[in-house]
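In what follows, chains carry the letters A, B, and so on, assigned in the order in which the sequence lines appear, proteins first and then strands, with residues in each chain numbered from 1.
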There are 2 protein chains.
Amino acid sequence: MKIATWNVNSIRTRLEHVINWLNQNPVDVLCLQETKVIDADFPRQPIEKLGYHLYISGQKAYNGVALISRQPLTDVSAGFCAFLPNLDPEIDQQKRVITGVLGDVRIINLYVPNGSAVGNEKYEYKLRWLKVLREYLQAILKSDAAICMCGDFNIALEDKDIHDQVKIDNHIMASVPERQALQDVLSLGFADAFRKFTAEGGHFSWWDYRTSAFKRNLGWRIDHHYLTSALYERAKNCIIDVEPRKLTQPSDHTPVIVEF
Amino acid sequence: MKIATWNVNSIRTRLEHVINWLNQNPVDVLCLQETKVIDADFPRQPIEKLGYHLYISGQKAYNGVALISRQPLTDVSAGFCAFLPNLDPEIDQQKRVITGVLGDVRIINLYVPNGSAVGNEKYEYKLRWLKVLREYLQAILKSDAAICMCGDFNIALEDKDIHDQVKIDNHIMASVPERQALQDVLSLGFADAFRKFTAEGGHFSWWDYRTSAFKRNLGWRIDHHYLTSALYERAKNCIIDVEPRKLTQPSDHTPVIVEF
DNA sequence: GACCATATAG
DNA sequence: CTATATGGTC
């Protein structure tokens, strides 16, 4: 089973890239983030014409997540409230969570808030959101054992996940509080699939559009697959496909694929 | 000598179309309107690399005219005030006029105000502008005999220059006062090059982007070459090239070419 | 309908 | 730098 994650930065702008990539990379599930489109306007036909099933949770202009699956998924739901019914539903106004089950694996597709800059309002929201994510996973873990939680986490846990031209100190996506908040999430029993196979740094999944960051390979590894232990044991490989970032009008992120 | 006029509706968006068209249509002078760019940002290199000389008068977002010429032009100037120094310079804030001389022909490239809707403020400006144009031409006629005045006039002088699905009565670009204002201009001694060769209606140079107007051929002939009498006699043909309007991301106007 | 400006986000 | 929303123009 192959599960990929890709922040496409607008599915409508990136539709051709996604279709071409799926044709060349027949994964079982492709998790998209930043689809940036309401459900009614999602380009559903072109995906389904390729033989995939589609599950989406989008909004206007921002955020938005989608699951593209070769086989039908079961128990699909969007938002934290699906597993935390007592939660203030306001947390699900931003469409950042969608989940479904394939075989014995629950896939959780996340678009973690970026946070803008350390200390501001959006940063506080990011930390609060990660706390809710932890509760959400606790609820899910009551019923599901094999979980693949993937997506754009907007956090690089280790300095070696970040190019060396940036002052990491208190930088958004690398600050101690957000790293700690993510570690608190992972402490429920998740491990980074990529790090099972690759120890060294210099592997990135996101390069800022600005300052020719990709050309200079000034990237960050912020798109992850976090697996519960039994699934982590089954992981056969986890690779970053840099090719789509080389295309014209690329997303600033590139796909990451785990195989079981 | 071939002189073309083309409202490109943004030279930056249409640069490739213009380059391809020039390669396939080696005219002596191409007059552009609605370049929509300040002079500093005009894509000068790609035009000059093709072997053309470039003379521009642009502004931010709106209007803007340019002369693209195989040979250098002489006596190039922009704005009405170049020939009417006592005029309030405010009239030249909108970049709608550029002129230059090739051989014995003075080319005047115009972007006549659209006028928005009959009776409103912009319409009054259009009528005032056409009065100033008349004075401008009177000044030029003191020194120049052979004049090719071309561009987007935003006026269809005859009903047969307009498709038959529109209520022409008092319609902008067809109202009596603006037609009269243009006739007053032409009465200085100008004649429509296109009508030297083609009497029938149904020939258009502009089709609204909306309501699939081009597909249904619901167009207007509002882009013209008006020639002084001696030059009118020398005119060998005048044709509308509809092809560029068929391209993807086209301008809403298409080129018109006169040959002497 | 397509373009530009501005604002916001990343 | 590359997206989207809104408002203005044609």
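- When only modelled atom types and interatomic distance are considered, K126(A) and N114(A) share no side-chain donor-acceptor pair under 3.5 Å.
- Using cut-offs of 30° and 60° on the angle between ring planes, the pair H224(A) and F153(A) is tilted.
- A salt bridge is defined here as a Lys NZ or Arg NE, NH1 or NH2 lying under 4.0 Å from an Asp or Glu carboxylate O, and R179(A) with D161(A) fails to meet this definition.
- Judged purely by distance below 3.5 Å, without hydrogens or angles, the side chains of E34(A) and Y111(A) pair a donor atom with an acceptor atom.
- Residues forming a side-chain contact (heavy atoms from CB on, under 4.5 Å) with Q249(A) (at least two apart in sequence, or on another chain): T13(A), R14(A).
- Each of N63(B) and R12(A) has a nearest nucleotide on DNA chain D; the 5'-most of these lies closest to R12(A).
- Atom pair Y62(A):OH and dA7(C):C1' shows a separation of 8 Å (rounding to whole Å applied).
- With DNA chain D read from its 5' end, the first of the two nearest nucleotides for T13(A) and D152(B) is the one closest to T13(A).
- Rounded to an integer number of Å, the gap from L218(B) CG to dG1(C) P is 14 Å.
- Between dC3(C) and R14(B), a contact under 4.0 Å exists linking OP1 or OP2 to a side-chain N or O.
- If you measure from atom CD of E178(A) to atom P of dG10(C), you get 13 Å, rounded to the nearest angstrom.
- When the C1' atom of dC3(C) is taken as reference, atom CD of Q249(B) falls 10 Å away, rounded to whole Å.
- Atom-to-atom, CG of N114(B) to P of dG1(C) comes out at 18 Å; the value is rounded to the nearest Å.
- Listed in residue order, the members of residues 206-215 of chain B having a heavy atom less than 4.0 Å from DNA chain C are Y209(B), R210(B).
- Rounded to whole Å, the distance from NZ on K36(A) to C1' on dG10(C) is 7 Å.
- Separating the CG atom of N7(A) from the P atom of dG10(C) is a distance of 11 Å, rounded to the nearest angstrom.
- Side-chain N/O atoms of K122(A) include one lying less than 4.0 angstrom from OP1 or OP2 on dA9(C).
- Checked against I107(A) for a side-chain contact (heavy atoms from CB on, under 4.5 Å), the options T99(A), I98(A), L67(A) give a single hit: L67(A).
- Taking every nucleotide of DNA chain D with any atom under 4.0 Å from a non-hydrogen atom of chain B, the first and last of them, 5' to 3', are dT9(D) to dC10(D).
- The phosphate of dC4(C) (OP1 or OP2) has a side-chain N or O of S10(B) nearer than 4.0 angstrom.
- Salt bridge annotation for K167(B)-D169(B): absent, with no cationic side-chain nitrogen under 4.0 angstrom from a carboxylate oxygen.
- Atoms OH (Y123(A)) and C1' (dG10(C)) sit 17 Å apart, rounded to a whole Å.
- Donor-acceptor pairing under 3.5 Å is recorded for the side chains of N217(B) and W207(B).
- No side-chain donor from either of E16(B) and N20(B) sits under 3.5 Å from a side-chain acceptor of the other.
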